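Working notes, beginning with the structure itself.
Along the sequence shown, residues are numbered consecutively beginning with 1. Predicted model, so just to flag it, every value in this text is computed and none were measured.
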Amino acid sequence: MSDTPKPDDKPKAEGPFRLSDWRPDTAQAREEQRQRRVMFTGRAVVIVLTLMFLGLLGRVYQLQAYPNPQITALKESQIGSAPLAAMRGGLIDRTGRVLAATRVGYRLFCDPAHIENPIAFAETIAFELGYNPVELDKKLSGRSNARYVLLDDRMDDEQVDTFLKLDLQKKLPGIFIEPVTVRDYPQGRLAGTLLGFVGRDGNGLEGLENYWEKRLQAKPGQYQFMRDFKRRRMWLSDQGYVPFEDGENIRLSIDAYIQRIAEEELAATINEFKADSGQIIVMQPNTGEILAIATYPSYDPGAFQDVTDEMRRNRPVTDVFEPGSIFKPFVWAGLVELGVITPGDLIDTTTSGAWTMPNGRTLHDVHGKGVISWHKVLKYSSNIGMAKGAQRVKVEAIYDIMRSFGFGQNTGIDLPGEIPGLLTMHENGGAKSYSHGSWPMGQEIGTTGIQMVRAMSILANGGVMVQPRIEALKPRDPDAPPQEPQRVVSRRTAEATLLAMRDAVLDGTGKKANSPFYDSFGKTGTAQLPDPVTGRYFDNRYMSSFLGGAPVEQPRLVVGVFIRDPDRSVGHYGGIVAAPAFRRVIERSLIYLGVEPNEGAELTDSIDDQFEVIE
């Protein structure tokens with residue numbers, strides 16, 4: 001191939017430099033230059049931002065690991081916390097009626113720094129909300145430097161409504177209300193001594209409120225939030241949250257309806273016979289559940305500031321007394337159970353009504369009955385007959401009988417302050433022991449009301465002992481092993497004792513306990529009160545009692561009525577003072593429970609007509 005140039009391939013002419021020859025090259029260079037500047041700037045910005053970010057991370061680490069105290073204080077001041085209120089558990093009766101509950105109430109307070117004229121302030125608050133202006137002025141006096149002055153820790157609902165309706169917080173600078181938990185007792189004085197009360201700090205101080213404090217007590221919670229520089233809440237913090245826990249609601253065995261019946265009849269009896277104090281206990285003999293436990297005097301738990309020590313005592317478990325003749329059925333049944341005597345055996349109770357024991361002690365009956373059966377010894381409440389029957393065994397055997405019925409020991413009822421009573425086996429046993437004659441007629445022994453009711457429930461429950469309880473029975477765990485019943489006497493012995501006490505109501509000392517509606521059984525008691533100064537007995541002061549139940553064929557209730565120190569000029573025998581109250585409690589309670597009355601007996605009034613319905 002030839003290298004000879006073609007005609008079109010002319011060599012460029014050489015000559016001087018021309019600007020037009022370089023324009024395309026110059027524009028391209030400028031573009032490249034601009035791109036280099038952009039790249040340089042971008043890299044510089046990235047480097048600067050990276051350094052700033054690294055510096056920021058370093059600062060954050062420093063603040064986290066080694067914070068400045070001033071910054072720490074500022075940070076903490078921006079974190080606020082507030083409580084989450086929890087409610088104390090409630091106490092309700094066996095049917096769900098509320099006896100004690102916690103609700104949200106309000107307290108009234110002020111900030112004196114915002115009050116220009118304390119006198120006018122106090123007068124305005126007093127006028128609008130019904131307070132005493134003098135008392136308010138006393139609370140504000142000398143408190144100008146305080147920021148919180150409590151004016152009323154428990155406003156009533158009407159005062160709160162007035163406060164909100166008039167918008168006093170805006171109209172009267174310095175006055176505020178804040179929510180607080182308030183313990184309420186909707187039934188007023190009903191079962192006041194049993195329930196007890198809660199102090200201003202929310203802790204139970206008496207009765208069940210104190211006994212079940214751990215179960216009823218609520219556990220407040222807490223949450224945290226962030227504030228802005230004006231101290232306003234912005235959002236919730238995801239830290240520091242503690243959930244609240246309400247207290248346990250506890251269902252009692254008490255029936256508020258029967259409790260009211262018992263309290264009404266107790267108060268009526270105390271007032272009629274001008275007695276010092278008293279108690280009525282109503283118990284289900286087959287379960288041990290206490291349906292009513294009334295005491296007099298009592299109090300309103302909502303006004304505990306006025307409560308005296310005398311009112312606080314739950315007498316059925318704290319007060320000990322000599323039971324007298326209401327104790328006879330237990331020794332009577334124990335001797336029958338031992339086989340040393342039968343209900344048909346004859347006892348010479350003398351026609352004179354006096355008999356001297358082998359130890360030289362002379363016993364007396366109000367009326368000499370001569371030779372009567374062991375059944376009638378209990379029917380007519382013969383002291384001589386009981387002592388002669390007890391002579392068939394050693395005094396130690398009488399002691400064992402009493403222990404088997406639960407005397408001299410706590411019943412284990414879930415109530416605070418229970419005491420075991422007094423039962424002492426003296427060293428001078430045998431024929432020389434005064435206890436051999438005293439115990440069978442209810443002397444030389446100290447019992448409580450709850451012990452007496454439990455002992456009678458043994459006889460009403462076919463000879464089997466149950467434990468008294470205030471908390472309602474819970475459904476039995478089917479997997480739990482069955483509990484063996486604690487048998488004290490045989491069913492035959494228990495039924496024989498009930499029949500003797502039924503006759504005591506029909507034609508014995510307890511006639512005023514007899515009801516036309518229900519066949520009741522029971523025993524009267526008129527025990528002299530001991531004189532703690534002389535160690536002897538008062539001549540004119542008594543514990544008047546009646547202890548029994550109904551219906552006799554299948555006892556649903558056992559009731560104990562114990563009236564201390566009635567006015568003798570009005571009446572003091574147990575058959576006069578306590579038996580009528582027993583009858584009224586039995587009738588009203590069994591009617592309420594829907595128990596069919598005796599055949600031919602007609603209830604002329606309905607339940608709603610007879611009694612106020614408790615909601």
Check your understanding: Above 12 or not: heavy atoms from other molecules or residues under 6.0 Å from CD of E158?
Key -> no

Exercise for review: List the steps and the verdict of salt bridge (Lys or Arg N to Asp or Glu O under 4.0 Å) for D93 and R97.
Suggested key: CA-CA 5 Å; D93 86 336; R97 302 181 184 105; 3.0 Å; yes

**Study point:** side-chain hydrogen bond (donor to acceptor under 3.5 Å, both in side chains) evaluation trace for K165 with T162
**Key:** CA-CA 5 Å; K165 182 178 180 181; T162 302; over 6 Å; no

Review point. Does atom CD of Q554 have more than 12 heavy-atom neighbours from other groups under 6.0 Å away?
Key: no

Check your understanding: Please walk me through it: do Y211 and E206 pass side-chain hydrogen bond (donor to acceptor under 3.5 Å, both in side chains)?
Key -> CA-CA 8 Å; Y211 185 73; E206 290 288 342; over 6 Å; no

**Study point:** Heavy atoms from other residues, nucleotides or ligands near CD1 of I119 exceed 12 (cutoff 6.0 Å)
**Key:** no

**Study point:** Salt bridge R469-E289, side-chain N to carboxylate O under 4.0 Å
**Key:** no

Review point. Does CZ belonging to F127 count more than 12 external heavy atoms closer than 6.0 Å?
Key: no

Check your understanding: Counting heavy atoms not belonging to E178, are there more than 12 under 6.0 Å from its CD?
Key -> yes

Review point. Is the F562 ring parallel, tilted or perpendicular to the F321 ring (thresholds 30°, 60°)?
Key: tilted

Exercise for review: Taking only Lys NZ, Arg NE, NH1 and NH2, and the carboxylate oxygens of Asp or Glu, determine whether D153 and R107 approach each other closer than 4.0 Å.
Suggested key: no

Point to revise | Close aromatic pair by centroid cut-off 6.0 Å: Y573 and Y542 | key: no

